[in-house]
Every structure is written in structure tokens, then in C-alpha cells.
Amino acid sequence: METTLKNAYKEVAQILNLLGNDYKSKIPSNMLAFFEQKVEERNPKELYEEIKNKKISRDAFFILSILNTKYWANEEEKQELIAFYDKNEQEYQEKISRYQKQEWLKRRANKEKEEVSLVVVKENSIWTKIKNFLGNLMKKRM
């Protein structure tokens with residue numbers, strides 16, 4: 001996971017370089033310095049094509065969305081983004097909840113099947129002998 005984060009930081013640094021000083025100036029200097037440490041020299045045209053074709057990592061996209069919400073968006077855009085992210089989170093949690101419930105039901109069904117299959121009655125088992133004994137005892141009393 002550490003390498004994927006490092007790669008995401010590199011992607012964000014490269015994208016910031018493509019965006020230019022207007023965007024970079026809105027980010028705190030210590031954060032910008034952190035990203036600039038990660039810069040890997042690449043052809044800007046190649047990077048632009050990757051972005052255009054949506055080939056940036058999910059982590060880099062996540063970092064950029066945070067930067068957008070925190071530093072680049074105006075107040076109205078921030079509120080819209082926060083509402084959008086909240087809606088997505090709720091849908092995600094509902095999806096996880098449904099999935100967990102389905103998995104729990106599957107495990108429960110499998111467990112019940114296992115419990116039923118654990119009781120195997122054989123002809124010479126103690127249960128058969130007890131049942132036969134009790135049956136014979138009841139016949140004698142009648």
C-alpha cells in the first residue's frame with residue numbers, strides 16, 4: 001500500500017505542475033513542498049493523455065478531490081461537493097450493509113446445513129441401540 005500511495009503522490013505532483021501556479025498558490029507551502037519532493041520528470045503531453053483517458057490512480061484522484069474541496073472550490077462549490085460526497089458515502093455504506101447481511105445469511109444457511117449434516121445415525125450407533133431398546137420396552141408394557 002505504501003508504494004501505491006507514493007505513486008499517487010507522484011501523480012498529484014505531476015498534475016499540479018500541469019495545472020500551473022494559479023492552483024499551486026492556493027495550497028499551503030508545506031503541502032506543496034511535500035508533493036514537489038515526489039515529482040518524477042515525465043513528458044507533460046504523456047501525462048495529459050493519461051488524465052484525459054482517465055488513467056490516474058484512485059488514490060491520486062482522491063487526493064485531488066480533497067485539494068479541490070479544501071483549497072480550490074468556492075463556498076457554493078464546496079457545499080455541493082460535500083453533499084455529493086455524503087450521498088456517495090451513504091450509498092456505499094448501504095451497499096456494504098446489504099453485502100454484509102447477504103454474507104451473514106449465507107454463512108448462517110451453511111452453518112445450519114453443517115449442523116444438520118453433523119448428526120449421522122448409523123445402524124450400530126448408540127442412538128439406534130437406545131431407540132430400539134426404548135421401543136422394545138414400550139412394546140412389552142403394552
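Positions are given from 1 along the sequence.
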### Summary
In this structure, CZ of Phe34 is separated from CD1 of Ile27 (nearest 0.5 Å) by 12.5 Å
### Summary
Distance col, row Asn74:CG vs Gln79:CD, nearest 0.5 angstrom, shows 10.0 Å
### Query
Is Leu81 reachable from Tyr23 through a run of hydrophobic residues whose side-chain heavy atoms are each under 4.5 Å from the next?
no
### Query
Does Glu76 CD have over 12 foreign heavy atoms under 6.0 Å away?
no
### Test item: Lys101 and Arg98 side chains (from C-beta on) under 4.5 Å apart, heavy atoms
no
### Query
Taking atom CD of Glu77 and atom CD of Glu75, what is their separation to the nearest 0.5 Å?
10.0 Å
### Message
Please report the interatomic distance OG(Ser97) to CD(Gln102), rounded to the nearest 0.5 Å.
### Response
10.0 Å
### Task
Would you tell me whether Gln90 and Glu94 have side-chain atoms, one donor and one acceptor, within less than 3.5 Å of each other?
no
### Members sharing Ile96's hydrophobic cluster (side chains within less than 4.5 Å)
Tyr92
### Task
For Tyr85, look at atom OH and say whether over 12 heavy atoms of other residues, nucleotides or ligands are found less than 6.0 Å away.
yes
### Query
Are any non-hydrogen side-chain atoms of Ile66 and Tyr71 less than 4.5 angstrom apart?
no
### Query
Should we say atom CZ of Phe62 is surrounded by more than 12 heavy atoms from elsewhere, each under 6.0 Å from it?
no
### Query
Partners of Lys24 by side-chain hydrogen bond (donor to acceptor under 3.5 Å, both in side chains), sequence neighbours excluded?
Asn17
### Query
Are Ile63 and Tyr9 side-chain neighbours, meaning at least one heavy-atom pair lies under 4.5 Å?
yes
#### Entry: Spacing of Ile15 atom CD1 and Leu67 atom CG [to the nearest 0.5 Å]
10.0 Å
### Minimal non-hydrogen separation, Ala60 against Val12, with atom names
O-CG2, 3.8 Å
### Summary
Rounded to the nearest 0.5 angstrom, the CG-NZ distance for Asn68 and Lys26 is 10.0 Å
### Query
For Lys78, does the NZ atom sit with more than 12 other heavy atoms under 6.0 Å from it, leaving out its own atoms?
yes
